Asks: 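I have a structure here, written as structure tokens, and I will follow up with some questions on it.
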Amino acid sequence: MDNFNPKLAAWLKNEPATEAGLNNIQIPGKTRNLVWQNRYREPTRYEQALVSQLESAFAEGIVELDALVAALNRRGLRNEAGEAWTLANFQDEMARLGY
């Protein structure tokens, strides 16, 4: 089973398709459903660590943005550039990862 959708990477470009649905027509009963429809690649170790830390913070009842950023910094998790989290760079990172 794939951990990402290999066809999604082509959809990320803002260019019209050159073929009309080539290899994308679904035949009833023969469609391969992907668990991870929205991933164009597997998550990196950094992304997995971030998810783990966010889940732990949410489990502790942390739901406010400033408290969440403070919790990530307390736990020693840095952003991908190795910097401490700020409200601004956390929001930028969530926008980047969520596109």
Side-chain angles (χ1 to χ4, degrees):
M1 176 187 326
D2 291 333
N3 288 322
F4 63 97
N5 183 347
K7 292 187 176 187
L8 188 61
W11 286 82
L12 294 176
K13 301 176 191 169
N14 286 332
E15 299 174 9
T18 56
E19 303 92 17
L22 185 63
N23 295 324
N24 289 307
I25 296 173
Q26 296 181 359
I27 299 170
K30 296 188 181 207
T31 302
R32 185 169 153 247
N33 291 320
L34 300 171
V35 174
W36 303 106
Q37 293 286 336
N38 59 344
R39 287 185 185 171
Y40 68 95
R41 61 171 173 75
E42 288 193 51
T44 65
R45 277 193 234 164
Y46 157 73
E47 291 166 348
Q48 291 173 341
L50 177 58
V51 167
S52 177
Q53 292 297 328
L54 290 172
E55 286 176 341
S56 295
F58 293 145
E60 291 174 15
I62 299 170
V63 295
E64 298 297 326
L65 184 57
D66 55 343
L68 187 59
V69 168
L72 293 175
N73 286 326
R74 259 194 326 277
R75 296 163 188 246
L77 182 71
R78 299 294 182 239
N79 68 15
E80 204 164 24
E83 302 166 342
W85 291 102
T86 64
L87 292 176
N89 69 17
F90 181 80
Q91 289 174 312
D92 289 345
E93 187 68 344
M94 291 300 101
R96 182 184 75 83
L97 292 173
Y99 52 88

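Note that the structure is a prediction, hence the values are computed from the model and not measured. Quick note: residue numbers are just sequence positions, from 1.
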Asks: Is any side-chain heavy atom of Glu83 closer than 4.5 Å to one of Asn89?
Replies: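 Asn89 reaches Glu83 side chain to side chain.
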Asks: Inspect the contact between Arg74 and Glu60 and indicate whether a charged nitrogen and a carboxylate oxygen are less than 4.0 angstrom apart.
Replies: no
Asks: Given the rule that I, L, V, M, F, W and Y join up when any side-chain heavy atoms are under 4.5 Å apart, are Leu65 and Met94 in one cluster?
Replies: yes
Asks: Could you pull out the closest heavy-atom pair between Arg96 and Glu80, with the gap in Å?
Replies: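 Taking Arg96 first and Glu80 second, the nearest heavy atoms are NH2-OE1, 3.1 Å.
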Asks: Could you check whether any side-chain N or O of Ser52 sits under 3.5 Å from a backbone N or O of Gln48, counting only pairs where one atom can act as donor and the other as acceptor?
Replies: no
Asks: Drop me the distance from Leu50's CG to Thr44's OG1, to the nearest 0.5 angstrom.
Replies: 9.0 Å
Asks: Where is the tightest heavy-atom contact between Arg78 and Trp85, given as atom of each residue plus distance?
Replies: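 Heavy atoms only, the tightest pair is C-NE1, 3.7 Å.
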Asks: Considering the options Leu72, Leu68, Leu54, which one meets the side chain to side chain contact (heavy atoms under 4.5 Å, CB included) requirement together with Ile62?
Replies: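 For Ile62, the side chain to side chain contact (heavy atoms under 4.5 Å, CB included) check succeeds only for Leu68.
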Asks: With a 4.5 Å limit on heavy-atom distance, are the side chains of Phe90 and Asn73 in contact?
Replies: no
Asks: Can you check whether Gln91 reaches Val69 side chain to side chain, under 4.5 Å on heavy atoms?
Replies: no
